[in-house]
Each structure stands twice: as structure tokens, then as C-alpha cells.
Amino acid sequence: MSVNSCVTVYSGTDCIYCAQLKEYLNQQNIVFVEKNIDLNEQYAAELKEMGMATVPLTVIGDKKILGLNPTRIKKALAELNGTAS
């Protein structure tokens with residue numbers, strides 16, 4: 001199963017939950033782009049523009065998922081892959 005790179009993870013440098021989320025995504029072979037808000041002010045601004053203030057935040061299509069929530073991540077990926085034609 002090929003998963004497109006429409007998955008973005010907003011993370012922080014010393015965030016244990018961010019590390020757990022990234023480990024989960026890697027174990028599931030889910031390709032993602034990481035945007036570390038501690039290393040790039042633009043990423044922090046993007047997070048704020050979305051109305052979010054905490055990490056980790058996973059963005060899949062138009063879905064925003066806070067924390068490590070495998071059920072919501074799988075559902076969002078299924079919806080994204082189902083709507084892609």
C-alpha cells in the first residue's frame with residue numbers, strides 16, 4: 001500500500017509525544033513531512049494560523065489530529081485515499 005506524502009506532522013524538539021507519534025508513523029510505513037516549530041518560526045506561525053497552540057499535530061488532507069491517535073490517523077488516511085482518483 002503506498003501512502004502519499006499528504007501527511008504533515010508539526011512537532012517540537014523536546015516533545016516526548018511528538019517522538020512517539022513519529023515512531024508510530026514510521027512503524028506503520030506512513031510517509032510524512034515533519035515541521036519542527038522549534039527550528040523554524042514559519043512552522044510555528046502556520047500552527048497558530050490553524051488555530052492550534054500545541055504539538056504534536058498531524059495534518060492529513062483537511063483533518064487535524066492532536067496527539068497520537070492511531071484510530072483517527074487511519075480513518076483520515078482511508079478517507080484521503082478513498083477520495084483520491
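None of these values were measured; they are calculated from a predicted model.
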Approximate separation, where rounding is to 0.5 Å, of Lys63 NZ and Asn69 CG: 13.0 Å

Atom CZ in Arg72, atom NZ in Lys64: separation rounded to 0.5 Å? 10.5 Å

Does a side-chain heavy-atom distance below 4.5 Å link Ile65 with Ile60? yes

Partners passing side chain to side chain donor-acceptor pair (under 3.5 Å) against Asn26 (at least two apart in sequence or in another chain): none

For Glu23, enumerate each residue passing the salt bridge (charged side-chain N to carboxylate O under 4.0 Å, His left out) test, keeping only those at least two apart in sequence or located in another chain. none

Determine whether Met50 and Val59 satisfy the following criterion, side chain to side chain contact (heavy atoms under 4.5 Å, CB included), listing intermediate values before the conclusion. CA-CA 10 Å; Met50 287 186 281; Val59 180; 4.2 Å; yes

Nearest non-hydrogen partners of [X] and [Y], listed with the distance:
X: Cys18; Y: Gly12; result: SG-N, 3.4 Å
X: Leu80; Y: Cys6; result: CD2-CB, 3.7 Å
X: Tyr10; Y: Tyr43; result: CE2-O, 3.6 Å

Does atom CD of Glu41 have more than 12 heavy-atom neighbours from other groups under 6.0 Å away? no

How about OH on Tyr17, more than 12 heavy atoms from neighbouring residues, nucleotides or ligands closer than 6.0 Å, or not? no

Side chain to side chain contact (heavy atoms under 4.5 Å, CB included), that's the test. Do Ile30 and Ile73 meet it? Break it down for me. CA-CA 10 Å; Ile30 298 171; Ile73 290 170; 4.3 Å; yes

Following the transitive rule for hydrophobic clusters with a side-chain heavy-atom cut-off under 4.5 Å over Ile, Leu, Val, Met, Phe, Trp and Tyr, establish whether Leu68 and Leu57 coincide in one cluster. no

Any link between Leu66 and Leu21 through a network of hydrophobic side chains (Ile, Leu, Val, Met, Phe, Trp, Tyr) touching at under 4.5 Å? no

Is Asp38 reaching over with its side chain to a backbone N or O of Thr13, donor-acceptor style, under 3.5 angstrom? yes

